[in-house]
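Below, read A as the first sequence line, B as the second, and so on, with proteins coming before strands; counting in each chain starts at 1.
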There are 2 protein chains.
Amino acid sequence: MHPELDSFDRKLLAEVQRDAHTPQNELGVRVNLSTAAVNRRLRRMAELGVIDRYAAIVAPEKVGYSLTIITMVEVESEQIDQLDAMKRTFAQCPLVQQCYYLAGEWDFALVLTVKDMDQYNELTRQLFFSNNNVKRFKTLVSMDRVKVGLGVPVDLDE
Amino acid sequence: MHPELDSFDRKLLAEVQRDAHTPQNELGVRVNLSTAAVNRRLRRMAELGVIDRYAAIVAPEKVGYSLTIITMVEVESEQIDQLDAMKRTFAQCPLVQQCYYLAGEWDFALVLTVKDMDQYNELTRQLFFSNNNVKRFKTLVSMDRVKVGLGVPVDLDE
DNA sequence: TCTGAAAATGGACCTTT
DNA sequence: AAAGGTCCATTTTCAGA
């Protein structure tokens with residue numbers, strides 16, 4: 001089902017999720033592999049899509065986006081095309097960092113980065129009030145981004 | 001307050017958040033700067049902490065973590081040391097991708113990646129049931145990761 | 001795994017504003 | 001001074017034997 005990843009691959013994944021700028025020879029000494037082997041394995045995992053991409057992680061507060069907000073959204077209609085339209089709207093908005101479509105009471109959870117409450121207020125009009133498929137929404141203000149990342153666990157044993 | 005970022009810096013940030021593997025000479029032609037200037041600016045932003053780090057983004061479903069769950073947690077006591085202990089617990093758990101400490105009804109929102117419901121069930125025991133500072137928690141199952149990222153908007157104008 | 005070529009990074013130095 | 005550009009040394013990546 002999944003591509004075969006052996007224990008070397010998984011160790012590499014763990015390293016490279018933490019810091020993608022570690023040179024491959026250094027990775028080699030850490031996982032006990034030659035530079036070339038590291039290179040081949042990383043390339044392979046990128047081709048397989050296991051490694052989706054490499055990205056710079058920017059500290060939001062350093063660029064003026066110091067407010068993180070989580071918004072729960074309930075929709076009026078769950079018709080596919082309505083939902084798809086909403087998903088597209090949310091996905092396209094640069095202030096929406098993350099959007100999950102949920103089972104249960106709430107239909108969407110959004111993680112938003114904004115400069116301040118004013119900006120959130122405006123966003124609120126744009127995304128929710130002016131969208132007549134939004135039945136209600138609930139705003140949760142983050143006081144502390146305790147842990148933020150996209151790290152996927154890798155089972156180093158097994 | 002924030003470090004000064006001019007329009008070149010912001011363009012670079014946008015590029016590099018999307019794909020950190022673009023070579024600096026290519027970045028140079030895109031933003032109209034020499035390779036050396038690109039290099040200096042990226043390094044400076046890394047030193048300033050604007051660029052927190054570079055990371056490989058792994059596709060969770062490709063490594064067997066195909067379930068994303070959002071859990072809301074309400075605590076019993078909001079004493080600082082109790083809270084800190086919880087924050088540490090959550091932050092340390094590899095299955096916890098993200099953890100936000102919230103104002104209002106719920107105290108924490110967690111974004112979790114797990115293999116399946118069994119694993120979530122077990123995690124639930126470990127993190128919530130066996131923690132007597134957890135008053136209650138609510139599980140929201142994600143059916144679609146509509147948008148997932150840590151991208152911070154950069155104001156290309158201004 | 002080793003070796004070497006090609007590419008990318010990063011520093012020195014000079015020039016422009 | 002502050003920042004850009006060019007050129008060069010070093011480091012890193014990556015393919016072939």
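Its side chain outside the 4.5 Å cluster rule for every partner, Ile80(B) clusters with none of the Ile, Leu, Val, Met, Phe, Trp and Tyr residues. Clustering of Ile, Leu, Val, Met, Phe, Trp and Tyr by side-chain heavy atoms under 4.5 Å joins Val29(B) with none of the others.
Looking at residues 36-56 of chain B, you'll see Ala36(B), Ala37(B), Arg40(B), Arg41(B) sit with a heavy atom under 4.0 Å from some atom of DNA chain D.
Close approach of DNA chain C to chain B, defined as any atom under 4.0 Å from a non-hydrogen atom of the protein, starts and stops at dA8(C) to dG11(C).
A side chain to side chain contact (heavy atoms under 4.5 Å, CB included) with Val75(A) holds for exactly one of Tyr101(A), Phe108(A), Trp106(A); it is Phe108(A). Among Asp116(B), Val58(B), Leu95(B), the single residue meeting the side chain to side chain contact (heavy atoms under 4.5 Å, CB included) criterion with Tyr65(B) is Leu95(B).
Checked by atom type, the side-chain pair Glu122(B)/Tyr120(B) shows no donor-acceptor distance below 3.5 Å.
When the C1' atoms of four end pairs are superposed on the next four at each end of the helix from dT1(C)-dA17(D) to dT17(C)-dA1(D), using five pairs per end, the two resulting axes differ in direction by 20°, to 10°.
Counting heavy atoms from C-beta on, the side chains of Leu48(B) and Arg44(B) come closer than 4.5 Å.
Going from atom CG of Leu27(B) over to atom C1' of dG5(D) covers 17 Å, rounded to whole Å. Atoms CG (Asn32(B)) and C1' (dG4(D)) sit 12 Å apart, rounded to a whole Å. Per the geometry, CG belonging to Leu33(A) stands 16 Å off P belonging to dC14(D), to the nearest Å. At whole-Å resolution of the value, CD in Gln24(B) and P in dG4(D) are 14 Å apart. Taking atom CG on Asn25(A) and atom C1' on dT11(D), their separation rounds to 9 Å, with Å as the unit.
With sequence neighbours excluded, the residues forming a ring pair (Phe, Tyr, Trp, His ring centres under 6.0 Å) with Phe129(A) are Phe137(A), listed by chain and number.
Although no hydrogens or angles enter the test, the distance criterion places a donor-acceptor pair under 3.5 Å between the side chain of Lys147(B) and the main chain of Cys93(A).
Of all the heavy atoms in Glu4(A) and Asp9(A), the pair that sits closest is O-OD2, 4.0 Å.
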When you look at Lys138(A) and Glu105(B), which way does the salt bridge (charged side-chain N to carboxylate O under 4.0 Å, His left out) test go after all the steps?
-> CA-CA 11 Å; Lys138(A) 179 179 192 143; Glu105(B) 180 190 358; 2.4 Å; yes
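Hydrophobic clustering, with ILVMFWY side chains joined whenever heavy atoms are under 4.5 angstrom apart, groups Val96(A) together with Met117(A).
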